[in-house]
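Working notes, structure below.
Throughout, residue positions are numbered sequentially from 1 according to the sequence presented.
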Amino acid sequence: QVQLVESGGGLVQAGGSLRLSCTASRRTFSNYSMGWFRQAPGKEREFVAAISRNASSIFYADSVKGRFTISRDNAKNTVYLQMNSLKPEDTAVYYCVASRVILSRKPDDWAYWGQGTQVTVSS
């Protein structure tokens with residue numbers, strides 16, 4: 001079992017930046033692939049980005065490619081999502097996810113989820 005705690009959400013104007021952090025409870029953090037999903041009101045959960053255990057594999061949703069960057073610090077049990085050039089359509093609750101067995105764009109493939117952090121981008 002691993003517990004995930006997100007932080008860094010908030011209100012920002014369009015064009016601005018935010019950095020989300022997610023800290024995991026397990027010392028074996030380096031054994032987990034990590035990722036981010038988001039969910040806007042009335043919409044399904046949407047894949048944002050994922051990173052493999054040693055950061056050798058990283059991929060993004062087309063909607064955020066070139067604007068968002070996922071990274072991890074295994075010594076701090078933390079994964080980050082740097083979000084630049086934010087748009088109103090990026091407004092959502094952002095969830096950190098973890099898995100020991102897979103790196104996937106599908107929400108059902110991820111075993112562990114954080115409680116979410118709200119990101120609101122005003123126009």
Side-chain angles (χ1 to χ4, degrees):
Q1 189 79 6
V2 59
Q3 295 181 335
L4 306 171
V5 179
E6 302 101 332
S7 61
L11 174 64
V12 63
Q13 288 188 332
S17 298
L18 282 174
R19 188 176 81 155
L20 305 183
S21 300
C22 170
T23 301
S25 61
R26 292 296 296 268
R27 295 179 184 178
T28 55
F29 175 78
S30 60
N31 289 344
Y32 291 82
S33 297
M34 302 297 296
W36 291 91
F37 283 76
R38 67 186 181 185
Q39 187 168 23
K43 295 188 177 182
E44 295 185 350
R45 289 188 180 185
E46 175 191 21
F47 170 77
V48 175
I51 186 168
S52 61
R53 296 178 182 87
N54 61 0
S56 60
S57 182
I58 292 174
F59 51 93
Y60 300 94
D62 288 343
S63 58
V64 307
K65 199 173 295 183
R67 299 188 298 123
F68 290 11
T69 302
I70 188 171
S71 62
R72 65 188 296 161
D73 185 339
N74 287 345
K76 295 182 178 180
N77 288 8
T78 301
V79 62
Y80 304 97
L81 185 68
Q82 177 66 44
M83 306 186 294
N84 298 328
S85 302
L86 282 161
K87 305 176 182 179
E89 51 263 43
D90 294 319
T91 295
V93 177
Y94 283 71
Y95 296 93
C96 176
V97 296
S99 172
R100 291 200 63 178
V101 297
I102 199 168
L103 196 63
S104 170
R105 298 174 183 268
K106 300 177 182 178
D108 289 348
D109 287 340
W110 295 85
Y112 304 103
W113 290 72
Q115 81 288 352
T117 186
Q118 177 70 47
V119 171
T120 302
V121 184
S122 63
S123 56

If two hydrophobic side chains count as joined below 4.5 Å and joins carry through other members, does [X] share a cluster with [Y]?
{"X": "L18", "Y": "I51", "value": "yes"}
{"X": "Y80", "Y": "W36", "value": "no"}
{"X": "Y112", "Y": "M34", "value": "yes"}
{"X": "V119", "Y": "L4", "value": "yes"}
{"X": "V64", "Y": "V79", "value": "yes"}

For the backbone of [Y] and the side chain of [X], can you confirm whether one donor and one acceptor N or O come within less than 3.5 Å of each other?
{"X": "R105", "Y": "A49", "result": "no"}
{"X": "Q39", "Y": "A92", "result": "no"}
{"X": "E46", "Y": "R38", "result": "no"}
{"X": "E6", "Y": "C96", "result": "yes"}
{"X": "R72", "Y": "S52", "result": "yes"}
{"X": "T117", "Y": "Y94", "result": "no"}
{"X": "D109", "Y": "V101", "result": "no"}

Within this structure, what is the [atom1]-[atom2] distance for the pair [X] and [Y], rounded to the nearest 0.5 Å?
{"X": "Q118", "Y": "L11", "atom1": "CD", "atom2": "CG", "value": "9.5 Å"}
{"X": "S99", "Y": "W113", "atom1": "OG", "atom2": "CH2", "value": "11.5 Å"}
{"X": "S30", "Y": "N54", "atom1": "OG", "atom2": "CG", "value": "9.5 Å"}

Under the side-chain hydrogen bond (donor to acceptor under 3.5 Å, both in side chains) test, which residues partner Y95, sequence neighbours left out?
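Scan of Y95 (side-chain hydrogen bond (donor to acceptor under 3.5 Å, both in side chains), adjacent residues dropped) gives none.
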
Smallest separation among heavy atoms of [X] and [Y], with atom names:
{"X": "S123", "Y": "P88", "value": "CB-CG, 3.8 Å"}
{"X": "L103", "Y": "S33", "value": "CD1-CB, 3.6 Å"}
{"X": "G116", "Y": "V93", "value": "CA-CG1, 3.8 Å"}
{"X": "N74", "Y": "R53", "value": "ND2-O, 3.3 Å"}
{"X": "A24", "Y": "V2", "value": "CB-CG2, 3.9 Å"}
{"X": "F47", "Y": "A61", "value": "O-CB, 3.3 Å"}

Whether W110 and F37 hold their rings parallel, tilted or perpendicular, with breakpoints at 30° and 60°:
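Judged by the thresholds at 30° and 60°, the geometry between W110 and F37 is perpendicular.
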
Kindly determine whether K65 and D62 satisfy salt bridge (charged side-chain N to carboxylate O under 4.0 Å, His left out), including the steps that lead there.
CA-CA 5 Å; K65 199 173 295 183; D62 288 343; 3.2 Å; yes

Check whether any side-chain heavy atom of [X] sits under 4.5 Å from a side-chain heavy atom of [Y], and report yes or no.
{"X": "Y60", "Y": "I58", "result": "yes"}
{"X": "L20", "Y": "M83", "result": "yes"}
{"X": "K76", "Y": "F29", "result": "no"}

Does a side chain donor of either N77 or T23 reach within less than 3.5 Å of an acceptor in the other side chain?
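T23 and N77 do not have a side-chain donor-acceptor pair below 3.5 Å.
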
Q3 CD: over 12 foreign heavy atoms closer than 6.0 Å:
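It does not: Q3 CD has 12 such atoms or fewer within range.
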
